[in-house]
2 protein chains.
Amino acid sequence: MRTVKQAIAYFYDKHKRMPTFSEIAEMTGYKSKSAVSYALDGLIKEGFVKKDAKGNLIPGRLDPVRVLGLVEAGFPSPAEEELSDTMSLDDYLIENREATFMLKVKGDSMVEAGIHDGDMILVERGGKYREGSIVVAEVDGEWTVKYLRKSKGKAFLEPANQEYDPIYPKDSLVVAAVVKAVIRKY
Amino acid sequence: MRTVKQAIAYFYDKHKRMPTFSEIAEMTGYKSKSAVSYALDGLIKEGFVKKDAKGNLIPGRLDPVRVLGLVEAGFPSPAEEELSDTMSLDDYLIENREATFMLKVKGDSMVEAGIHDGDMILVERGGKYREGSIVVAEVDGEWTVKYLRKSKGKAFLEPANQEYDPIYPKDSLVVAAVVKAVIRKY
DNA sequence: ATTATATTAGAACGTTCGTTCTAATGCAAC
DNA sequence: GTTGCATTAGAACGAACGTTCTAATATAAT
């Protein structure tokens with residue numbers, strides 16, 4: 001039999017909604033909703049789950065990722081682990097969902113900025129940028145990711161790789177989106 | 001007034017649960033649950049939301065990130081945009097939530113692998129690794145992120161930076177976790 | 001203007017929800 | 001063994017759920 005915590009986490013992961021009391025009872029082996037109700041009181045105090053203004057069950061500390069500190073600090077003991085902050089990567093990385101897109105990077109023109117061939121970038125369309133921002137831009141009809149620079153009031157793009165040259169627009173340079181994050185999955 | 005789509009997306013983002021029909025009605029200006037019910041029929045056909053086996057509303061294509069292709073392909077038109085695949089970064093990056101942690105990297109010993117000072121790494125404790133994997137390990141009491149290498153049957157750690165030397169364990173080398181992803185937020 | 005079609009409001013319905021009460025059971029301390 | 005406390009089962013409850021029906025309204029086509 002699963003613990004209540006495991007059951008809720010598993011269910012939420014799988015169904016993208018919180019389980020009902022009956023469903024929790026079924027998963028954990030409880031034979032009454034009331035037992036679940038009392039068990040949940042504890043988890044609510046603990047912050048593992050919450051109830052919103054309408055009394056509906058919502059996730060508390062059951063976001064998928066546990067956030068630790070520096071690598072040098074190593075891993076916590078199982079007891080400390082329970083107390084780790086949790087986080088959703090979606091919430092961490094996305095500010096404006098309507099404007100956020102994921103794109104794949106080809107080539108090594110930004111390697112010195114830590115953006116490698118095949119990396120995914122999270123970009124925000126219409127996001128704020130300034131000189132030095134990494135942007136997705138359309139220069140004379142071609143789309144690229146580069147540093148945005150300015151010289152004598154004119155904008156141009158600069159790669160992060162010695163072997164490539166800066167790109168000075170002949171006709172047009174339109175900044176379409178700003179790179180907000182880089183994600184590389186192994 | 002918001003459209004039904006906007007209302008649901010907003011509500012799900014904010015409350016981490018799907019709204020009820022009444023709540024959708026309130027947000028969109030509908031004055032009856034039945035109108036919402038019929039409106040949802042369309043969105044279900046479209047795949048924007050779904051119903052699970054028990055008839056409960058669950059997210060369909062309202063994951064927070066729209067996935068495009070290569071940077072070179074640029075952005076789609078608003079019409080095509082509607083059809084873009086969506087994704088949750090949590091689902092994309094996390095396989096085993098129980099074993100997944102996020103850590104912060106200090107130093108530049110892995111820059112040539114595209115891991116910079118201040119980057120976050122997603123690691124899986126007890127994950128499978130082999131020679132060449134980037135791992136979080138404890139060597140003689142010190143925690144670090146490095147390439148795992150082998151020489152004459154003995155494991156050692158190799159930085160991705162010319163200026164650093166490989167680390168050959170005096171007493172012990174324990175691989176605690178495998179780096180599954182690198183995340184850099186600007 | 002008339003007709004046909006789609007959309008919306010409102011009420012009614014059965015179902016399921018979470019809470020709460022009482023009673024039974026399990027467990028620990030003494 | 002006995003007492004006291006916490007946990008669980010089961011039933012009952014009102015509230016809210018989503019569906020469905022009918023009637024009214026809006027929209028479009030002719």
Side-chain angles (χ1 to χ4, degrees), chain A residues 1-64 78-79 82-83 86 88, chain B residues 1-64 78-79 82-83 86 88:
Chain A
M1 280 301 154
R2 272 180 280 224
T3 68
V4 178
K5 278 192 187 183
Q6 290 170 341
I8 295 176
Y10 173 81
F11 192 99
Y12 188 70
D13 255 28
K14 188 174 175 192
H15 294 89
K16 308 293 178 196
R17 67 170 172 89
M18 291 300 259
T20 66
F21 285 33
S22 309
E23 285 163 341
I24 296 174
E26 207 172 321
M27 289 187 285
T28 53
Y30 279 117
K31 289 173 185 166
S32 69
K33 292 187 294 173
S34 62
V36 174
S37 177
Y38 293 121
L40 279 180
D41 286 346
L43 297 189
I44 289 170
K45 273 212 186 74
E46 203 183 297
F48 183 74
V49 291
K50 297 178 184 175
K51 289 196 179 171
D52 63 15
K54 286 186 68 180
N56 296 64
L57 214 57
I58 54 172
R61 218 161 357 82
L62 60 79
D63 287 322
E82 272 293 295
L83 303 171
T86 65
S88 156
Chain B
M1 280 302 154
R2 271 179 281 224
T3 69
V4 177
K5 278 193 188 183
Q6 289 169 342
I8 295 177
Y10 173 80
F11 192 99
Y12 188 69
D13 255 26
K14 188 175 175 192
H15 294 88
K16 307 292 179 199
R17 68 170 173 88
M18 292 299 259
T20 65
F21 285 34
S22 309
E23 286 163 340
I24 297 173
E26 207 172 319
M27 290 187 284
T28 53
Y30 279 118
K31 289 173 185 166
S32 69
K33 294 187 292 175
S34 62
V36 174
S37 177
Y38 293 122
L40 279 179
D41 286 346
L43 297 189
I44 289 170
K45 274 213 186 75
E46 205 182 295
F48 182 75
V49 290
K50 297 178 184 175
K51 289 198 180 171
D52 62 15
K54 286 187 68 181
N56 297 63
L57 214 57
I58 54 172
R61 219 161 357 82
L62 58 80
D63 287 322
E82 273 294 295
L83 303 171
T86 65
S88 156

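Just so we're on the same page: letters track the sequence lines, and every chain starts at 1.
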Just how far, in rounded Å, is [atom2] of [N] from [atom1] of [X]?
| X | N | atom1 | atom2 | value |
| --- | --- | --- | --- | --- |
| A:Met18 | C:dG18 | CE | P | 11 Å |
| A:Asp52 | D:dA16 | CG | C1' | 14 Å |
| A:Ile24 | D:dT8 | CD1 | C1' | 16 Å |
| B:Leu40 | D:dC17 | CG | C1' | 14 Å |
| B:Lys31 | C:dA11 | NZ | C1' | 17 Å |
| B:Asn56 | D:dA16 | CG | C1' | 13 Å |
| B:Asp41 | D:dT20 | CG | C1' | 12 Å |
| B:Glu23 | D:dC17 | CD | P | 6 Å |

Inset, instruction - Let me know, please, whether A:Lys33 or A:Ala39 comes out on the 5' side of the other along DNA chain D by nearest nucleotide. - result: A:Ala39
Inset, instruction - By nearest nucleotide on DNA chain C, pick out whichever of A:Ser34 and B:Lys54 is the more 5' one. - result: B:Lys54
With the side chain of [X] defined as its heavy atoms from C-beta on, choose the nearest nucleotide among [options].
| X | options | value |
| --- | --- | --- |
| A:Thr20 | C:dG18, C:dA9, D:dG18 | C:dG18 |
| A:Ser32 | C:dG18, D:dG10, C:dC21 | D:dG10 |
| B:Ser37 | D:dT8, D:dT20, C:dG10 | D:dT20 |
| B:Ser22 | D:dT8, C:dT19, D:dC17 | D:dC17 |

Inset, instruction - Report the residue from B:Arg2, B:Arg17, B:Lys14 that forms a salt bridge (Lys or Arg N to Asp or Glu O under 4.0 Å) with B:Glu23. - result: B:Arg17
Inset, instruction - Can you sort out the partners of B:Arg61 under salt bridge (Lys or Arg N to Asp or Glu O under 4.0 Å), two or more places apart, ordered by chain and number? - result: none
Legend entry - Touch class at under 4.0 angstrom, heavy-atom based, for A:Tyr30 against every strand present: sugar-phosphate
Below 4.5 Å, heavy atoms only, C-beta onward: do [X] and [Y] meet side chain to side chain?
| X | Y | value |
| --- | --- | --- |
| A:Leu57 | A:Lys51 | yes |
| A:Lys5 | A:Glu46 | yes |
| B:Phe11 | B:Ile24 | no |
| B:Leu62 | B:Val49 | yes |

Inset, instruction - Enter the distance from A:Asn56:CG to A:Thr20:OG1 here, rounded to the nearest 0.5 Å. - result: 12.0 Å
Inset, instruction - For the helix from C:dA1-D:dT30 to C:dC30-D:dG1, figure out the bend between the end axes, five pairs an end, and round to 10 degrees. - result: 40°
Inset, instruction - Check whether any side-chain nitrogen or oxygen of A:Lys51 sits under 4.0 Å from OP1 or OP2 of C:dC17, and answer yes or no. - result: no
